[in-house]
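Remarks on the structure that follows.
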Protein chains: 2
Amino acid sequence: MIREKLKEYYNVVFEEALIDEITKVGTFKKVRENELLLDLGDKFDKIPLILSGAIKISHENTKGDEIALYFLERGDTCTITFGCGLHSSKSKVRGVAEIDSEIIFIPIEKLEEWLVKYKSWRTFVIDSYNIRLSEMLEAIDTLAFMKMDQRLYKYLTDKVKIMRNTTLNTTHRDIAHDLNTSRVVISRLLKQFENDNKIKLFRNKIEILDY
Amino acid sequence: MIREKLKEYYNVVFEEALIDEITKVGTFKKVRENELLLDLGDKFDKIPLILSGAIKISHENTKGDEIALYFLERGDTCTITFGCGLHSSKSKVRGVAEIDSEIIFIPIEKLEEWLVKYKSWRTFVIDSYNIRLSEMLEAIDTLAFMKMDQRLYKYLTDKVKIMRNTTLNTTHRDIAHDLNTSRVVISRLLKQFENDNKIKLFRNKIEILDY
DNA sequence: TTAGCTATGTAACATTTGATACATAATTAA
DNA sequence: TTAATTATGTATCAAATGTTACATAGCTAA
């Protein structure tokens, strides 16, 4: 079963022999929407390969303020865990399933072993790191250069892409949490967007008209 | 000469045989304060190993706004170039020598070759990526959770550590540029710090009293 | 020496964001 | 059904940040 899933999503990425190995040592898991996969301070000894769904990665500082960083989707992996495993250091981020998702977990020892054996694994690891660095740069861009209205609009349209659905089931409170601001600020801006005919507001639901 | 420098700074990091290889293919370069090492859009085909000094890495968006991200110091490398080399993609960051610095450059082809051959190289690459991700997370923290006064104070004290000098030769304008704000805001906050006896202000110079 | 440039100080005001308070509507649980 | 809970709308005020304007001081080049 793992084999078929891998073939479906990672056939171009990994060479045949590597897919065989992953099939042998990997464990498959389905996670439900809102399930917590990785918490702050967790020691993570498995590398996740996302098969389907979306995992929201967020960051929390020592004072408990939290901010959403990016989403992991099909083909992605969590590079943060690469480091967690090697030095058994603790995770600085949190991962929660945004929607039902399918994941294969690989024991962390394989990270280094396969770097030696498989060219496709070397490429995958380096690429994954670079994608993650790019996402972090984008997050920094957003925080450093955008005002809250632009950040909010980016948040909404990014989410539309991730969910492949122009109707978002979410509350103002949850959005405020993800953007580390207050609910009132979000309600105020959303109402402006509605007046500009960019969105339509409902209870627990936002329809994005213009994206 | 490269050999001695490597022995001095990277002896614990790299195994003997790898130091031999680096000595063979690496080129040594001294760069002057304010020298531009890597610009936006550059294709970078060499991996830099920092021997001494400090390189300021900053990021610019499409509109030309810029923000300082972090410093590279002895023992650091620029992971961004790892990706630049593999896919000949273009750099999204800028690197400028903050002070006179010494660097060894390694051809990018060696990145993958040595991943197979040397355990110490695998550890170095993974560690470097993880350190970089941590620095990015710290930058995100700062942007997301701190007000400008805290950001400024962190900027000053970080710089004291990097320069190993409590007297910073810089202008309010330059600081404003690094923090992506206006000169007036920086002058205002610095004056407050001075009134609180945390710093002393001079022309082109700031003395940090409390750090 | 003097004119021009750069750095800094500061006032006044605008805009953005955050905080508090309270009202109403929709949903859920008793 | 009724009470409690949750989501949303909105006014008011406070704080943080950004903008413009102008003054003064120090430095530099003619």
Side-chain angles (χ1 to χ4, degrees), chain A residues 33-34 61 63-68 140-156 159 167-209, chain B residues 33-34 61 63-68 140-156 159 167-209:
Chain A
E33 186 178 327
N34 292 323
N61 70 1
K63 281 166 57 193
D65 307 309
E66 193 170 351
I67 189 167
I140 287 174
D141 253 19
T142 308
L143 287 167
F145 305 129
M146 288 185 184
K147 301 227 176 280
M148 192 53 82
D149 57 342
Q150 284 181 285
R151 285 180 57 199
L152 174 57
Y153 205 74
K154 177 169 165 31
Y155 175 90
L156 295 173
K159 200 142 174 175
T167 301
L168 305 176
N169 293 299
T170 182
T171 66
H172 302 187
R173 192 184 139 282
D174 286 347
I175 297 176
H177 190 245
D178 279 351
L179 296 180
N180 188 50
T181 181
S182 80
R183 197 272 308 168
V184 179
V185 170
I186 296 299
S187 295
R188 185 157 59 198
L189 292 171
L190 285 174
K191 186 48 75 180
Q192 279 178 28
F193 291 164
E194 188 173 48
N195 291 337
D196 296 346
N197 290 313
K198 292 177 175 172
I199 65 175
K200 261 193 190 173
L201 295 173
F202 305 89
R203 187 186 168 91
N204 294 318
K205 203 170 76 172
I206 302 175
E207 203 184 323
I208 315 298
L209 303 174
Chain B
E33 185 178 327
N34 292 322
N61 71 0
K63 283 165 57 194
D65 307 309
E66 194 171 349
I67 190 166
I140 287 173
D141 254 18
T142 308
L143 287 166
F145 305 129
M146 288 185 184
K147 302 236 177 270
M148 193 53 83
D149 57 342
Q150 284 182 287
R151 286 180 57 201
L152 174 58
Y153 205 72
K154 176 169 165 32
Y155 175 90
L156 295 174
K159 202 143 173 174
T167 300
L168 304 176
N169 293 298
T170 182
T171 66
H172 302 186
R173 193 183 139 280
D174 285 346
I175 297 175
H177 190 244
D178 279 351
L179 296 180
N180 189 49
T181 181
S182 80
R183 197 271 310 167
V184 179
V185 171
I186 296 300
S187 294
R188 185 158 58 199
L189 292 171
L190 285 175
K191 186 50 74 180
Q192 278 178 30
F193 292 164
E194 189 173 46
N195 291 337
D196 296 346
N197 290 315
K198 292 178 175 171
I199 64 175
K200 261 193 191 173
L201 295 173
F202 305 89
R203 187 187 168 90
N204 294 319
K205 204 170 78 175
I206 302 175
E207 203 184 322
I208 314 298
L209 304 174

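Naming convention: chains lettered A, B, ... in sequence-line order (proteins, then strands); numbering from 1 in each chain. Owing to the predicted nature of the structure, the values given are computational and were not obtained by experimental measurement.
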Quick one: on DNA chain C, does A:Val184 or B:Glu194 contact a more 5' nucleotide (nearest heavy atom)? B:Glu194
Can you tell me how far apart CD1 (B:Ile186) and CG (B:Leu156) are? Round to the nearest 0.5 Å. 8.5 Å
Can you tell me the distance, in whole Å, between the [atom1] atom of [X] and the [atom2] atom of [N]?
X	N	atom1	atom2	value
A:Phe193	D:dG9	CZ	P	14 Å
A:Phe145	D:dT17	CZ	P	17 Å
B:His177	C:dA7	NE2	P	13 Å
B:Ile175	C:dA7	CD1	P	12 Å

Considering residues at least two apart in sequence or located in another chain, which fulfil the side chain to side chain contact (heavy atoms under 4.5 Å, CB included) criterion with [X]?
X	value
B:Ser187	B:His172, B:Arg183
A:Thr170	A:Leu168, A:Asp174, A:Ile175, A:Ile206
A:Asp141	A:Phe145, B:His59, B:Asn61

When the rotation axes relating C1' atoms of four end pairs to the next four are compared across the helix from C:dT1-D:dA30 to C:dA30-D:dT1, five pairs an end, they differ to 10° by 30°
Set out, line by line, the N/O atom pairs under 3.5 Å between protein and nucleotides 4-8 of chain D.
| residue | atom | partner | partner atom | Å |
| --- | --- | --- | --- | --- |
| D:dT6 | O2 | A:Arg203 | NH2 | 3.2 |
| D:dA7 | O4' | A:Arg203 | NH1 | 3.3 |
| D:dA7 | O4' | A:Arg203 | NH2 | 3.4 |
| D:dT8 | OP1 | A:Asn204 | N | 3.1 |
| D:dT8 | OP2 | A:His172 | N | 2.8 |

Qualifying side chain to side chain donor-acceptor pair (under 3.5 Å) pairs with a residue from residues 143-156 of chain B, counting only residues at least two apart or across chains: B:Glu138-B:Lys154, B:Lys154-B:Asp158, B:Tyr155-B:Lys159, B:Tyr155-B:Asp178
Mind listing the side-chain donor-acceptor pairs of residues 195-203 of chain A below 3.5 Å, one per line with the distance, residues two or more places apart or on another chain?
| residue | atom | partner | partner atom | Å |
| --- | --- | --- | --- | --- |
| A:Asn195 | ND2 | A:Lys191 | O | 3.4 |

Output one line per pair: protein atom, nucleotide atom from nucleotides 16-18 of chain C, and distance, for all N/O pairs under 3.5 Å.
| residue | atom | partner | partner atom | Å |
| --- | --- | --- | --- | --- |
| C:dT17 | OP1 | A:Met148 | N | 2.6 |
| C:dG18 | OP2 | A:Thr181 | OG1 | 2.4 |
| C:dG18 | N7 | A:Arg188 | NH2 | 3.0 |
| C:dG18 | O6 | A:Arg188 | NH1 | 3.4 |

Closest non-hydrogen atom pair, A:Ala144 against B:Ile67: CB-CD1, 3.5 Å
